[in-house]
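Written below as structure tokens is the structure these notes are about.
Just so you know, these numbers come straight off a predicted model, no measurement behind them. We count residues from 1, following the sequence as given.
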Amino acid sequence: MMENKQYIDVLNKIGKILEDADDLLNKSKDLNELDIRFKVFAGKKGQLTEILRKIHSYAEEEKRIIGSKSNEIKKKIEEIYKNRRNELADIKQKKDINTCRVDLTIPGNYIEKPHKHPITAVLEDVVDFFSYMGFEVVSGPEIETAHYNFDALNIPADHPARDMWDTFYLLNGLIPRTHTSSVQARIMEEKSPPFRVIAPGRCYRYEAVDATHLFMFNQMEGLFVDKHVRLTDLKGILEEAVRYLLGAKKIRFRPAFYPFVEPGLDLDIRCIFCGGKGCSVCKDTGWIEVIPCGMVHPNVFKYAGIDPSEYRGFAFGMGFDRIVMLKYNINDLRLLYQGNLDVLNQF
Ligand code: PHE
């Protein structure tokens, strides 16, 4: 009788395990909770295993029934577990998707707004202006032969004018170009007139670096060759250029010497900071020199195989960094090349 009661109890207990498992597994809120609960009922150390461990104390027939009942229930619990697991996985996926769609509170990554380096900005302005005037942008090598940097520009090796450019010499005899005028010489050989070109690029000089001198700087050469180019064309175009680029209202031309032009000139603008009264920028002269220029020297044409009795031209070499300094009111050229964001972000 006693044994019988135990046997009935255990059968009831097995039924209760299924009932509880059905209830609790389906109430699990996440996969973790589900796994833990599953183990409580059907795991290696779970309630069903516990019953089977004590099965030896029952009669043969009882053992068989308890065993098969337990197995049956275990399968059912596994089934419930599997279904709930799928449900929870589904819910989690949907929740993840919804979170992506609607959670506007997740902090974003701050992306700094990019802007152009002042030299690039001015370069683009200058190119715009001269393209509008019919000039084409060309380029030449930064490492040059002495021929294109000097000889072809009417500056022979033994001529004192070579001292005008403080030159670096490489061991192989080439030189980092001291001015973009080397591109003039190359283009005159390459192209047949008429042509109008501008050649922006880096140049190098053996300078002691200070606020207004760098060993590397940006220049832009301009060259206009045609049958009837006159000094007044040079004056008109360059006057318009400084008006457009710097808002210069008053300008003047002074005679100057550059071996590859004749006559040679310097274009000055009325100081845009003091209006001509005199200040530190214009060194109290009221004028700021901005563009060296002149009419192409007949010898330069001859070197390039262009007949100077048929063609004439004008050339200019604009210091870019100078224009940037004036445009943005910078008093130290070095600031432009240090890559210091505190400075660059102010432009
Ligand atoms: N190449 C000259 C310089 O760097 C400038 C220049 C260019 C002058 C063209 C006249 C004509 O000093």
Side-chain angles (χ1 to χ4, degrees), residues 117-120 122-123 126-127 136-191 195 197-223 256-262 264 266 289 291-294 296-306 313 315-325 330 332-340 344:
H117 189 281
I119 291 181
T120 310
V122 169
L123 172 70
V126 175
V127 168
E136 175 196 349
V137 180
V138 295
S139 64
E142 281 180 36
I143 302 297
E144 250 317 350
T145 59
H147 173 78
Y148 287 113
N149 198 84
F150 292 127
D151 301 77
L153 293 168
N154 202 29
I155 316 167
D158 53 0
H159 198 280
R162 244 186 221 206
D163 292 346
M164 287 173 71
W165 293 273
D166 301 299
T167 315
F168 288 118
Y169 287 89
L170 304 181
L171 292 176
N172 60 8
L174 296 175
I175 49 186
R177 65 182 175 197
T178 60
H179 50 187
T180 43
S181 298
S182 54
V183 188
Q184 260 194 57
R186 286 179 175 272
I187 290 296
M188 279 193 238
E189 276 183 9
E190 257 169 49
K191 287 187 184 288
F195 53 78
V197 294
I198 46 173
R202 292 192 179 121
C203 302
Y204 304 84
R205 287 189 200 172
Y206 184 64
E207 297 272 8
V209 172
D210 63 25
T212 52
H213 296 87
L214 298 176
F215 60 84
M216 189 282 293
F217 57 97
N218 280 279
Q219 216 183 35
M220 189 188 80
E221 198 73 6
L223 177 65
F257 173 69
Y258 301 97
F260 34 91
V261 285
E262 179 56 38
D266 276 332
E289 182 192 321
I291 310 183
C293 51
V296 178
H297 196 289
N299 285 353
V300 176
F301 277 141
K302 276 189 219 155
Y303 282 124
I306 294 175
F316 58 91
M318 175 185 270
F320 247 89
D321 311 292
R322 199 68 196 286
I323 307 274
V324 175
M325 274 176 105
I330 303 168
D332 191 332
L333 267 182
R334 289 169 291 192
L335 293 174
L336 292 174
Y337 292 97
Q338 283 163 344
N340 181 343
L344 294 177

Q: Please assess Met188 against Leu223 for the test side chain to side chain contact (heavy atoms under 4.5 Å, CB included), listing each intermediate value before the final yes or no.
A: CA-CA 9 Å; Met188 279 193 238; Leu223 177 65; 3.9 Å; yes
Q. Taking C-beta and beyond as the side chain, do Val197 and Lys191 meet within less than 4.5 Å on heavy atoms?
A. yes
Q) Does the side chain of Phe150 reach to within under 4.5 Å of the side chain of Thr178, using non-hydrogen atoms? A) yes
Q: Sequence neighbours left out, what passes side-chain contact (heavy atoms from CB on, under 4.5 Å) with Val127? Give chain and number order.
A: Leu123, Ser131, Val137, Ile198
Q | Least distance between heavy atoms, Val183 atom then Ala199 atom | A | CG1-CB, 3.6 Å
Q.
Please give me the minimum heavy-atom distance between Gly313 and Phe301, naming the atom from each residue.
A. N-CZ, 3.7 Å
Q: Nearest 0.5 Å please: distance from the OH atom of Tyr169 over to the OH atom of Tyr206.
A: 13.0 Å
Q | Residues which pass salt bridge (Lys or Arg N to Asp or Glu O under 4.0 Å) with Glu190, listed by chain and number, not counting sequence neighbours | A | none
Q) Do Pro176 and Leu170 touch side chain to side chain, with heavy atoms closer than 4.5 Å? A) yes
(Q) Within this structure, what is the CE-OH distance for the pair Met216 and Tyr204, rounded to the nearest 0.5 Å? (A) 6.0 Å
Q.
Testing the basics here: between Leu153 and Ala185, what is the closest heavy-atom pair and its distance to 0.1 Å?
A. CD2-CB, 4.3 Å
Q. Which class fits the ring pair Phe168 and Phe215: parallel under 30°, tilted 30 to 60°, perpendicular over 60°?
A. perpendicular
Q) Any side-chain heavy-atom pair from Ile155 and Trp165 closer than 4.5 angstrom? A) yes
Q: With sequence neighbours excluded, give me every salt bridge (Lys or Arg N to Asp or Glu O under 4.0 Å) pair touching residues 202-218.
A: none
(Q) Testing Leu335, Asp321, Ile323, Leu336 one by one against Pro118 for a side chain to side chain contact (heavy atoms under 4.5 Å, CB included), which residue passes? (A) Leu336
Q: Verify side chain to side chain contact (heavy atoms under 4.5 Å, CB included) between Tyr337 and Ile119, making sure each step is shown before the conclusion.
A: CA-CA 10 Å; Tyr337 292 97; Ile119 291 181; 3.2 Å; yes
Q) Would you find a donor on one side and an acceptor on the other, under 3.5 Å apart, between the side chain of Ser181 and the backbone of Gln184? A) no
**Q.** From Asp332 atom CG to Met325 atom CE, the distance as rounded to the nearest 0.5 Å
**A.** 7.0 Å
Q: For side chain to side chain contact (heavy atoms under 4.5 Å, CB included), just list the numbers for Met220 and Thr180, CA-CA rounded to whole Å, side-chain angles, deciding distance to a tenth of an Å, and then say yes or no.
A: CA-CA 6 Å; Met220 189 188 80; Thr180 43; 5.6 Å; no
**Q.** Interatomic spacing from NE2 in His213 to CG in Asp166 - rounded to 0.5 Å
**A.** 9.0 Å
(Q) So which atom in Ala256 and which in Asp266 form the shortest heavy-atom distance, rounded to 0.1 Å? (A) CB-OD2, 3.5 Å
Q: Answer yes or no: is there an ion pair linking Glu221 with Arg186, defined by an N-O contact shorter than 4.0 Å?
A: no
(Q) Looking at Arg177, is its backbone amide N or carbonyl O close enough to the side chain of Glu144 to form a donor-acceptor pair, meaning the two atoms are under 3.5 Å apart? (A) no
Q. How far does CD of Glu262 sit from CG of Asn299, to the nearest 0.5 angstrom?
A. 10.5 Å
Q | Atom pair OG1/OH of Thr145 and Tyr148 - distance to nearest 0.5 Å | A | 6.5 Å
Q) Looking at Tyr258 versus His179, is the centre-to-centre ring distance below 6.0 Å? A) no
